[in-house]
Amino acid sequence: MIDIARFRADPEGFAEAWRHRGLDVDVAALADLDKRVRELKTEAESAKAEANAASKAIGRVAKDGGDINAARSEAKRLGDRGKELSEQRQELEDAFKAQILELPNPCLTTVPVGSDETGNVVTETWGSPATFAGDAKPHWELGPALDILDFERGAKLSGSGFVVYRGLGARLNRALISWFIDQLSGEHGYTELGVPYLVGPEAMQGTGQLPKFADQLYRCAEDELYLIPTAEVPVTNLHAGEIFDVADLPRRYCAHTPCFRREAGAAGVGTRGITRVHQFDKVEMVWLTTPERSDDDLMTMRGHAELMLQRLGLHYRVLELCTGDTGFSSAHTYDLEVWSPGTGSWLEVSSCSTFTDFQARRAGLRYRSEPGAKPSLLHTINGSGLALPRCVIALLETHQRSDGSVTVPEVLRPYLGGVEVIAPA
RNA sequence: GGAGAGGUGGCGGAGCGGUUGAACGCGCCGGUUUCGAAAACCGGUCUAGGGGAAACUCUAGCGAGGGUUCGAAUCCCUCCCUCUCCGCCA
């Protein structure tokens, strides 16, 4: 959620920021609604103040045994008036909040302006594309041939967009999860978390999935619980409503969870294989940090994801997203894309973003800049570290050999019981 | 799932219809004292929002949401959570 105070001070500035995101917002109407809410609030509160004073007076008289009947009806009148005004205010305020909750975070002013993904900027490229004697095979051929990916049975169980990992495929997936987490918690000081995969609506609102993106979530209506689309949701909301001492920041968390995404509207769009599935594993990095350092921390976090790609020997590039392609809650995003030789395309395996205070405001994440200071909103940043299926794709396709087998990167071998090559049975 | 107990400020713990944002204790911050520290003493110490240049002031909050009442932390209803016992169970 945006800062209402800043919006009041500069509605046009927000209008422009939203235009950069391709949104035409009637900020004048919004500002007007906000003003009426506050006017009603002032009125309602002074009515309540009068009513409270009257009640207190009655209390005093009653104690002395005086007659309170006349005063009582007058107090009731005042109280009812306050209630009525409050209800009016509530109605308008709900309308205002509903609108505000659907408005995205303005991007940082440094973010390149653009209307869609064509406006994104490649800022770095690491490595070079693997070369092959013949054509590189795509993973949807390599996987079944090696008997490590089973698309048919995934679809049989749960429909299209679900896959079964088998044998060394399942183990490779599990190995990557463990290796990622060991890298982050061991080398970079992250605290590993195991979190619920089902969360309530408050958490979904805290990170920005609700109310706007309800159609992308799996929901258990019976219990009003949602399957998480990313560990970002439970991890960012972990400390919702809490106030940190500045000495306790930044908090660095990592967590592996499955991610569940309905991908409504995305069906069949270049989704062969496991590039886009309804359920996948991901390790997520989440930092709770201070406004002063969030920009630097984003770069540090991005570096952690990059280092892992480098150690896996994967060719990748870094994209700075333009205003039109930056996610709803984010103010600044870098995507990491790995090269998939088999499909001849770049695949997003990580999205590293700073949310400034947008999520912190929704989730109530605050800190004191010094002991005794007023609590203020902290900044949240997060990034994938990394998303599994597309790393599997890149590994299989990059390290494939002419006989159809795949070399396991050295760093993963201890996690695969020493297996160096995944070969056909 | 069934029965019982309970959810109050950073923590512990009172209050059970009247001026209570909430006694008391601990903690924390400032001060006095001290060579310094401890102890003692004095003062301060929640959050959100509205109004105000500011001093300040008003509103709301005792798990959540409704209700009764002139007035609710206190009474009533619904829900959530925690603990104990029973049942069930990976």
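When reading the values below, keep in mind they use all heavy atoms of this one structure, side chains included, and skip hydrogens, waters and symmetry mates. Each chain gets a letter, A, B and so on, in the order the sequences are listed, and its residues count up from 1. Remember, predicted model here, so these are calculated numbers, not experimental data.
Atom CZ in A/R361 sits about 12 Å away from atom P in B/A48, given to the nearest Å. Taking atom OH on A/Y367 and atom P on B/U47, their separation rounds to 15 Å, with Å as the unit. B/G65 atom P lies 12 Å from atom CD of A/E202, rounded to whole Å. Atom CG of A/L85 and atom C1' of B/G51 are 16 Å apart (whole Å). Distance CZ (A/R72) to P (B/G17): 17 Å, rounded to an integer number of Å. Taking atom NE2 of A/H239 as the reference point, atom P of B/G10 lies 17 Å away to the nearest angstrom. Between the P atom of B/G71 and the CG atom of A/N52 lies a distance of 9 Å, rounded to the nearest Å. We find that CD of A/E84 is positioned 19 Å from P of B/U59, with the value rounded to whole Å.
Ring-plane geometry between A/F7 and A/W18 is classed as tilted, the angle between the planes lying from 30 to 60 degrees on a 0 to 90 degree scale.
Taking atom C1' on both B/G31 and B/G21, the two are 26 Å apart, rounded to the nearest angstrom. B/G13 and B/G6 are spaced 14 Å apart, taking the C1' atom of each and rounding to whole Å. Here the separation of B/C70 from B/G17, taken at their C1' atoms, is 12 Å to the nearest Å.
The listed nucleotides are B/C46, B/A48, B/G18; the one nearest the side chain of A/I58 is B/G18. Set against B/U47, B/A60, B/G18, the side chain of A/P375 has B/U47 as its closest nucleotide.
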| field | A/R77 and A/E74: CA distance, side-chain angles, deciding distance, salt bridge (charged side-chain N to carboxylate O under 4.0 Å, His left out) verdict | value | CA-CA 5 Å; A/R77 216 204 82 239; A/E74 172 63 6; 2.9 Å; yes

| task | Test A/Q183 against A/Y190 for side-chain hydrogen bond (donor to acceptor under 3.5 Å, both in side chains), laying out the working first. | result | CA-CA 9 Å; A/Q183 293 279 299; A/Y190 287 69; over 6 Å; no

| query | How far apart are the C-alpha atoms of A/L176 and A/L386, what are their side-chain angles, what is the distance that settles it, and do they pass the side-chain contact (heavy atoms from CB on, under 4.5 Å) test? | reply | CA-CA 9 Å; A/L176 280 165; A/L386 300 153; over 6 Å; no

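For the OP1/OP2 pair of B/G50 and a distance below 4.0 Å, the side-chain nitrogens and oxygens of A/R8 include at least one atom meeting the criterion. OP1 or OP2 of B/A48 sits under 4.0 Å from a side-chain N or O of A/K374. Using a 4.0 Å cut-off, no side-chain N or O of A/R89 falls inside it from OP1 or OP2 of B/G49.
No engagement by A/A54 is indicated, since no non-hydrogen atom pair under 4.0 Å with the nucleic acid exists. When heavy atoms are screened at a 4.0 angstrom cut-off, A/R368 is found touching the sugar-phosphate backbone but no base atom.
Nearer the 5' end of RNA chain B, as judged by each residue's closest nucleotide, is the contact made by A/R60, out of A/E50 and A/R60. Place A/A53 and A/A75 on RNA chain B by their nearest nucleotides, and A/A53 ends up nearer the 5' end.
A salt bridge between A/E93 and A/K97 is present, with a side-chain N of the basic residue lying under 4.0 Å from a carboxylate O of the acidic one. A salt bridge links A/E187 with A/R311: at least one charged nitrogen is closer than 4.0 Å to a carboxylate oxygen. Checked for salt-bridge contact, A/K137 and A/E397 miss the test: no charged N lies under 4.0 Å from a carboxylate O.
Remark: aromatic rings of A/Y226 and A/Y218 are distant, center separation not under 6.0 Å.
In this structure, B/A22 makes no Watson-Crick or G-U wobble pair, since no nucleotide meets both defining distances under 3.5 angstrom. In this structure B/G30 sits in a base pair with B/C42, meeting the Watson-Crick or G-U test at under 3.5 Å. Using N1 to N3 plus N6-O4 or O6-N4 for Watson-Crick, or N1-O2 and O6-N3 for G-U wobble, each under 3.5 Å, B/A90 pairs with nothing. The pairing partner recorded for B/A53 is none, the criterion being a Watson-Crick or G-U wobble arrangement whose two distances lie under 3.5 angstrom. The partner of B/A60, taking Watson-Crick or G-U wobble pairs whose two distances both stay under 3.5 Å, is B/U47. Across all strands shown, nothing is found opposite B/G71 as a Watson-Crick or G-U wobble partner with both distances under 3.5 Å. The pairing partner recorded for B/C35 is none, the criterion being a Watson-Crick or G-U wobble arrangement whose two distances lie under 3.5 angstrom. In this structure, B/A3 forms a base pair with B/U84, meeting either the Watson-Crick or the G-U wobble geometry with both donor-acceptor distances under 3.5 Å.
Within residues 36-46 of chain A, the residues that have a heavy atom under 4.0 Å from RNA chain B are, in order of number, A/R38, A/K41, A/T42, A/E45.
When atom types are taken as modelled, the side chain of A/R262 and the backbone of A/D215 share a donor-acceptor pair closer than 3.5 angstrom.
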